[in-house]
2 protein chains.
Amino acid sequence: MEHTTEREIFERYVHRRGGRLTAERLRLFDEIFNQHGHVDADRLYRSMRRQGRKISRATVYRNLELLVDCGLVRRQRLGQRRYLYEHVHPGQSHDHLICRMCDRVVEFVSPGISALQRELARAHGFDPTEHTLQISGICLDCAGRASTETAASEES
Amino acid sequence: MEHTTEREIFERYVHRRGGRLTAERLRLFDEIFNQHGHVDADRLYRSMRRQGRKISRATVYRNLELLVDCGLVRRQRLGQRRYLYEHVHPGQSHDHLICRMCDRVVEFVSPGISALQRELARAHGFDPTEHTLQISGICLDCAGRASTETAASEES
DNA sequence: GTTCTGTTGAGAATAGGTCTCAATAAGCCG
DNA sequence: CGGCTTATTGAGACCTATTCTCAACAGAAC
Ligand SMILES: [Mn+2]
Ligand SMILES: [Mn+2]
Ligand SMILES: [Zn+2]
Ligand SMILES: [Zn+2]
């Protein structure tokens, strides 16, 4: 009654494509599935090197691409220059609020949005494979800080 | 009973910031407001040069940023490497479907999504300034082409 | 016209990701 | 195990969209 783990999904996916389960590939899998939240490629690279895992940047990028193709990792730009990666658990999906002042990212789940998205795609003849919804604005903290500063500068 | 044009909004915005209405700035404004749909910075640059308007790349980028800050231009990545810009008419807002095979972009308007977005932002204490919703998938044409090819290769 | 200072142009710099290719090592077979 | 095929790796070159630098220029105010 065990259900298939992400690791099993990955190994099958690699085999189905005629690929090989190299040491680097599997270590990168473990690394990203042990991380919480969003990571960029360089952080994964450095974190693996720090642990004494020898791996090259190119290999990190190549295997991240593989994980994305496989559907186990999501790659997206969240307001910044570089791509961020996060592992995905099948059947779950969330979106992001991004503070344009401090770059803080808040995740949320909205079934309503997901339903609307499927509907819209269908209405335009699209077979939807994924979506990205990013709402950017100012978070509570930054809004507070901004108004304090405005008040202070107006005093002087 | 004239309502303010985008050009007027821009000029006021520039003045309010202590900026100047330079020839290059105003020509870029005209250029992007004469273009339809999405353009990248380099296309604007080349299109202006072609018309004999002398302008540098740096100036194009700097003034696009100004237009974005001013709220008259939207900058986003639509599946590709470079940013795309489009002029915005106040009060309107649309989102995008992107075909991951042919990069075709289809625009749509969904009041439901807009309302949900505002609600979600508020629920998390965000003051929403803008949003991006991108649904990527396979368009009708590409879906058709793909299934034809699959059939053909299975025959052989 | 003079002055002050925001803006421009040309090109260098940056950054993040991609490509190259010789060396390595999975996976398979006997 | 030992050899064979070929996918993958590592190191660094390469790419390219965007940002930065700084001296020359030109709006705007008076
Ligand atoms: Mn997330
Ligand atoms: Mn659009
Ligand atoms: Zn913030
Ligand atoms: Zn298509």
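Per chain, numbering begins at 1; letters A, B, ... match sequence-line order.
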Does the salt bridge (charged side-chain N to carboxylate O under 4.0 Å, His left out) test come out yes or no for B/Arg122 and B/Asp127, once each step is laid out? CA-CA 7 Å; B/Arg122 206 157 21 79; B/Asp127 176 24; over 6 Å; no

Heavy atoms of A/Arg100 and B/Thr129 approach each other most closely as NE-OG1, 3.2 Å

Anything under 3.5 Å between a protein N or O and an N or O of nucleotides 7-11 of chain C, put it in a table, one pair a line.
unit_1	atom_1	unit_2	atom_2	d
C/dT7	OP1	B/Arg20	N	3.2
C/dT7	OP1	B/Arg25	NH1	2.6
C/dT7	OP1	B/Arg25	NH2	3.3
C/dT8	OP1	B/Thr22	OG1	2.9
C/dT8	OP1	B/Asn63	ND2	3.4
C/dG9	OP1	B/Lys54	O	3.4
C/dG9	OP2	B/Ser56	N	3.0
C/dG9	OP2	B/Ser56	OG	3.1
C/dG9	OP2	B/Thr59	OG1	2.5
C/dG9	N7	B/Arg62	NH2	3.0
C/dG9	O6	B/Arg62	NH1	3.3

Does any pair with a residue in residues 52-63 of chain A pass salt bridge (charged side-chain N to carboxylate O under 4.0 Å, His left out), and if so which ones, sequence neighbours excluded? A/Asp42-A/Arg57

Sorted by chain and residue number, the ring pair (Phe, Tyr, Trp, His ring centres under 6.0 Å) partners of A/His15 (sequence neighbours excluded) come out as none

In the hydrophobic clustering (ILVMFWY, side-chain contacts below 4.5 Å, transitive), which residues join B/Leu97, or is it alone? A/Leu97, A/Val106, A/Phe108, A/Ile113, A/Leu116, A/Leu120, A/Phe126, A/Leu133, A/Ile135, B/Val106, B/Phe108, B/Ile113, B/Leu116, B/Leu120, B/Phe126, B/Leu133, B/Ile135

Nucleic acid contacts - residues 67-77 of chain B versus DNA chain D, non-hydrogen atoms under 4.0 Å: B/Arg75

Between B/Tyr61 and D/dT19, is there a side-chain N or O to OP1/OP2 distance below 4.0 Å? no

Residues which pass salt bridge (charged side-chain N to carboxylate O under 4.0 Å, His left out) with A/Glu86, listed by chain and number, not counting sequence neighbours: A/Arg74

Filter on salt bridge (charged side-chain N to carboxylate O under 4.0 Å, His left out), then keep only pairs touching residues 16-29 of chain B, sequence neighbours left out; what's left? B/Arg17-B/Asp69

Roughly how many Å is it from CZ in A/Arg17 to P in C/dG27, rounded to a whole number? 15 Å

Using every non-hydrogen atom in the two residues, find where A/Leu72 and A/Phe33 come nearest and quote the distance to one decimal. O-CZ, 3.9 Å

For DNA chain D, the residues among residues 78-88 of chain B that have a non-hydrogen atom under 4.0 Å from it: B/Arg81, B/Arg82, B/Tyr83

Report yes if the side chains of A/Arg75 and A/Leu67 come closer than 4.5 Å at any heavy-atom pair, otherwise no. no

Would you kindly give the CG-to-C1' distance between A/Asp42 and C/dG17, to the nearest whole Å? 11 Å

The ring pair (Phe, Tyr, Trp, His ring centres under 6.0 Å) partners of B/His124 (sequence neighbours excluded) come to none

For atom CZ of A/Arg46 and atom C1' of C/dA15, their distance in whole Å: 14 Å

Under 3.5 Å, is there a donor-acceptor pair between the side chain of A/Glu8 and the main chain of A/Thr5? yes

Want to settle it: does B/Glu65 or B/His15 sit nearer the 5' end of DNA chain D, counting the closest nucleotide to each? B/Glu65

Rounding to an integer number of Å, can you tell me how far B/Leu64 CG sits from D/dT19 P? 10 Å

Considering residues at least two apart in sequence or located in another chain, which fulfil the side-chain contact (heavy atoms from CB on, under 4.5 Å) criterion with A/Arg118? A/Ser114, A/Ala115

To the nearest 10°, let me know how far the axis at one end of the helix from C/dG1-D/dC30 to C/dG30-D/dC1 is tilted from the axis at the other, five pairs an end. 40°

Not counting sequence neighbours, which residues clear ring pair (Phe, Tyr, Trp, His ring centres under 6.0 Å) with B/His36? List them please. none

